[in-house]
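Contents: one structure, followed by commentary.
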Amino acid sequence: LGAEYHFEGTDRLSPYAGLDVSFGGGNNATEWDKYDGLGYNVDHTREITAKTSTLGVSLVAGTDFYFAENFYFGLELGLGFGSLNTKPGTDKWTIAGVTTDTESADKKESTFKNTPTGLMRLGWRF
């Protein structure tokens, strides 16, 4: 979700600044076959599953170029904060045919990032 404030531009160019909010959730599944975390191990497999949720906020700036009435091509750069929360899940290890089931740890991560590569947009204005 987001909002943009468009500054006065020209008939074809519309510069803007805005705020984006993103959120989501899902399931995360990781599987290692013949890998023990350090290197190749023929007798080792591991499978981790957990639910995840994300939240992010970004300040953005960009410009839209109207190449036809109501149709535009836009470029955008941003600076933002994001967080990822991984709930406890299952962690299944199999080493030499012996399987151990444990609960994976709760994990929280956050990032502060810029998006210098930007975003290219193609759209239509209602």
Report the distance from atom [atom1] of [X] to atom [atom2] of [Y], rounding to the nearest 0.5 Å.
X: K51; Y: T86; atom1: NZ; atom2: OG1; answer: 12.5 Å
X: L79; Y: F112; atom1: CG; atom2: CZ; answer: 4.0 Å
X: T54; Y: E109; atom1: OG1; atom2: CD; answer: 11.5 Å
X: D20; Y: E76; atom1: CG; atom2: CD; answer: 5.5 Å
X: I95; Y: T100; atom1: CD1; atom2: OG1; answer: 6.5 Å
X: K87; Y: D106; atom1: NZ; atom2: CG; answer: 6.5 Å

Residues forming a side chain to side chain contact (heavy atoms under 4.5 Å, CB included) with [X], sequence neighbours excluded:
X: D33; value: T45
X: E8; value: none
X: N70; value: W124, R125
X: D101; value: K92, T99

Going by the rule side chain to side chain donor-acceptor pair (under 3.5 Å), which residues pair with [X] if we only count those two or more places apart in sequence or in a different chain?
X: T49; value: T90
X: S14; value: H6
X: Y72; value: none

Apply the hydrophobic cluster definition, ILVMFWY joined by side-chain contacts under 4.5 Å directly or through others, and give me every member besides L84. none
Under 3.5 Å donor-acceptor pairs involving side-chain atoms of residues 58-69, not counting sequence neighbours:
unit_1 : atom_1 : unit_2 : atom_2 : d
D64    : OD1    : R121   : NH2    : 2.9
D64    : OD2    : R121   : NH2    : 2.8

Sequence-distant partners of Y5, ring-ring contact (aromatic ring centres under 6.0 Å, His included), two or more places apart: F7
